[in-house]
Amino acid sequence: MPAEPTDPAQPTDPTDPTQPKQSGQPAHPARRDLLRTGLATGAATALGLAATTGTAAAAPGQADRTLTLTGHLPTGAPDFVYLPVEVPDGVREIAVSYGYDKPQVPAGTPGNSCDIGIFDERGADVGGDGFRGWSGGFRTEFAIARDTATPGYLPGPINPGTWHVVLGPYQIAPQGLDYRVQVILRFGAPGPEFTPHYPPERARGRGRAWYRGDCHLHTVHSDGRRLPEEVAAGARAAGLDFIVSTDHNTSSSHAVWGPLAGPDLLILPGEEITTRNGHWLALGLEAGQFVDWRYRSRDEEYPRFARQVHRSGGLVVPAHPYCPYVACQWKFGYEQADAVEVWNGPWTYDDESAVDTWDSQLAVALRGGRSWLPAMGDSDAHSAPQVIGSPHNVVLAEDLTRDAVLDGLRAGRNWLAESVTVRLDFTVTGNGRQAGIGEELTVPAHAPLDVRLTVSGVPGGTVRFLTDEGQMHQESLPTDGSGTVVWRTTASLAAYVRAEVRHPKADGTPGSGNSMGQDLPWGPMAALTNPIVLRVEED
Ligand SMILES: [Zn+2]
Ligand SMILES: [Zn+2]
């Protein structure tokens, strides 16, 4: 699940480099302006900086140069505030630290929260080349050099020119936000060139088979506390065949996965793009590819970044569309999406909402003859005790390779599993033909069709079959959690059929799919399939 926003007023442990000051989840819903007004809003600071920096070459052995930038951001400040830093020749390392005031606010009113990152001399334009790292609100300091950088930041040349420290004041208290940024320019000979270790695009695999993978995971490269090594170990422990690395708003982790992948574990580069109007996953990026996040729904920038991901062969997947945290609800629509993450971490009411929306869209898409949007489920695990692989996708792929796995997900040939202990097989058979998850069955309108689900690993669970009319059949499993459920329909009655397996409710009852009441009608999801589409054969 997404990192829950913590109270920014709470003190943090300065000795713990992974201690989050607050979540990386952005935003202030009332803020309207987008970018690049740093000089206007943070005027005192930026001007103060300009007065203290220069572009003169440094003499050999020159002492560190320290710049301090302070300023005040009122309600209505831009989403991103750009503080120019003139970097002279001869700088070996740029080290930045920052802080801001946290005045008391009434309960329920957002207090001050401010993210940070940096762009180099190539510029800070949205979609430009200058990105050098972002740590959201997770760290109070970072450093970049040619050979090394704080996780979340990209090692590389420290070229002279105008760099920009970028503040993202995603919540501003009614009193405003006073910030203080310190930049230390350390001079000296640059370290050796950084060598990225990208993961290979294939693992050993078993040919055409069902592969299990968690496509939404965080590390210390954004606001997770797990090292990449720990995430890879957790994926193996969860019985996964593949994972996608999706740190927020940075590509820095891509370069470290190489030695952690292996014949038994495919690791794909990705990113979670956390805009002010929702989060989306870019899955299967090119190694080192960065996708910009600095826009809102009304800026109309999102489609071009979705296209950028599609050009690279990756998937665009809106994440946790109904997460209630500030700026986490999805407001960009589903036109550019390849799938939607309807199940994010432990099952909660917002997942019910996501499944309901997704289900409604299935019928609309099939009526219009368009391709339907597949469902996905991922853990979004950041730190213990969040469980890597709960849930995950079980995808039918031609092999355990980047392209084959992405093809399977794009086609919706996947079901969503709470854990590796849940096993499932789902088919529709009729008129001498059979179709599986994500496939189509074209048959005479009134030909009898047998819908069959075989499942294990859900003790006391309840199987639900749903069509475009809603739930049409439910049947509980025995205490050993295994069973086969069969139900008959026709293509004239159902445009699609999909299955859910639910745990019992908290009171031990199975739930009832066609009733209404004050409580949620079902216990947590254990498994959810993509639909099998039923089409009526033309005469
Ligand atoms: Zn998110
Ligand atoms: Zn996430």
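Every heavy atom of this structure was used, including side-chain atoms; hydrogens, water molecules and symmetry mates were not. Because the structure is a prediction, the values reported are computed rather than measured.
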So, does Thr246 use its side chain to make a donor-acceptor pair with the main chain of Leu217 at under 3.5 Å? yes
Are Thr219 and Ser253 close enough that a side-chain donor and a side-chain acceptor fall under 3.5 Å? no
Close side-chain approach of Pro174 and Val105, heavy atoms under 4.5 Å: yes
Could you go step by step and tell me if Val340 and Trp330 meet the side chain to side chain contact (heavy atoms under 4.5 Å, CB included) rule? CA-CA 10 Å; Val340 56; Trp330 183 247; over 6 Å; no
Looking just at side-chain N and O atoms, do Asp351 and Thr348 make a donor-acceptor pair shorter than 3.5 Å? yes
Do the side chains of Leu268 and Leu283 get nearer than 4.5 Å, heavy atoms only? no
Compute whether any side-chain donor of one residue and acceptor of the other, for Tyr322 and Thr357, lie under 3.5 angstrom apart. yes
Check: residues 186-203 side-chain donor-acceptor pairs under 3.5 Å, at least two apart:
{"residue": "Arg186", "atom": "NH1", "partner": "Glu93", "partner atom": "OE1", "Å": "2.5"}

Is the side chain of Asn249 donor-acceptor paired with the backbone N or O of Thr275 at a distance under 3.5 Å, no angle test? no
Any donor-acceptor N/O pair, Asp101 side chain to Asp178 backbone, under 3.5 Å: yes
Interatomic distance, Asp338 atom CG to Leu315 atom CG [nearest 0.5 angstrom]: 5.0 Å
Using the side chain to side chain contact (heavy atoms under 4.5 Å, CB included) rule, take Leu265 and Asp241 through it: C-alpha gap first, then chi angles, then the decisive distance, then the call. CA-CA 5 Å; Leu265 184 66; Asp241 301 298; 6.0 Å; no
Please check if any side-chain donor atom of Glu272 sits under 3.5 Å from a side-chain acceptor atom of His218, or the reverse. yes
Can you find a pair of side-chain heavy atoms, one from Tyr179 and one from Cys114, that are under 4.5 Å apart? no
Show the nearest heavy-atom pair for residues Glu271 and Ile273, with the distance to one decimal. OE2-CG1, 3.5 Å
Donor + acceptor pair across side chains of Thr162, Glu86 (<3.5 Å): yes
What pair of heavy atoms forms the shortest contact from Ile243 to Ala235, and how long is it? CG2-CB, 3.5 Å
What pair of heavy atoms forms the shortest contact from Ile158 to Arg132, and how long is it? CD1-NH2, 4.2 Å
Would a distance-only check, ignoring hydrogens and angles, find a side-chain to backbone donor-acceptor pair under 3.5 Å from Asn112 to Ala173? yes
Atom pair CZ/SG of Arg276 and Cys328 - distance to nearest 0.5 Å: 11.5 Å
Tell me, with the steps shown, if Val126 and Phe305 meet side chain to side chain contact (heavy atoms under 4.5 Å, CB included). CA-CA 10 Å; Val126 173; Phe305 292 105; 3.7 Å; yes
Got a donor-acceptor contact below 3.5 angstrom from the Gln386 side chain to the His382 backbone? yes
Side-chain touch Tyr98/Leu167, heavy atoms, less than 4.5 angstrom: yes
How far does CG of Asp129 sit from CZ of Phe119, to the nearest 0.5 angstrom? 11.0 Å
Looking at Phe131, is Arg294 sitting on its ring face, NZ or CZ under 6.0 Å from the six-membered ring centre and within 45 degrees of the normal? no
Just by distance, do the side chain of Asp292 and the backbone of Gly127 share a donor-acceptor pair under 3.5 Å? yes
How long is the span from the CG atom in Asp247 to the OG atom in Ser252, to the nearest 0.5 Å? 6.5 Å
Examine distances only and state if a side-chain atom of Gln329 and a backbone atom of Tyr325 form a donor-acceptor pair shorter than 3.5 Å. yes
Can you tell me if Tyr302 and Ser297 form a side-chain donor-acceptor pair at under 3.5 Å? no
Correct closest heavy-atom pair for Arg410 and Gly313 would be NH2-O, 3.2 Å
Go through His310 and Val316 one step at a time and tell me if the side chain to side chain contact (heavy atoms under 4.5 Å, CB included) criterion holds. CA-CA 7 Å; His310 286 153; Val316 171; 3.6 Å; yes
Minimum heavy-atom distance between Pro228 and Val220, given as atom pair plus value: CD-CG2, 4.2 Å
Are Tyr295 and Trp280, when compared by the centres of their aromatic rings, separated by less than 6.0 Å? no
Enter the distance from His279:NE2 to Trp293:CH2 here, rounded to the nearest 0.5 Å. 12.5 Å
Side chains of Tyr334 and Pro321, heavy atoms from C-beta outward: is any pair under 4.5 Å? yes
Any side-chain heavy atom of Pro303 within less than 4.5 Å of one from Glu335? no
Is the closest side-chain donor-acceptor distance between Asp378 and Asn393 under 3.5 Å? yes
State whether the side chain of Gln171 and the backbone N or O of Gly111 hold a donor-acceptor pair below 3.5 Å, judged by distance alone. yes
Is the backbone of Asp403 close enough, under 3.5 Å, to the side chain of Glu398 for a donor and an acceptor to pair up by distance? no
For the pair Thr150 (side chain) and Ala143 (backbone), establish whether a donor and an acceptor sit closer than 3.5 Å, ignoring hydrogens and angles. yes
Less than 4.5 Å apart, any side-chain heavy atom of Val309 and any of Leu285? yes
Taking atom CZ as the centre, does Arg180 end up with more than 12 heavy-atom neighbours from other residues, nucleotides or ligands that are less than 6.0 angstrom away? no
I'd like to check Asp264 versus Arg236 (side-chain heavy atoms, cut-off strictly below 4.5 Å). Are they in contact? yes
Hey, could you give me the NE2/NE2 distance between His216 and His320, rounded to the nearest 0.5 Å? 5.0 Å
Closest contact, heavy atoms only, Cys215 versus Leu409: SG-CD1, 4.1 Å
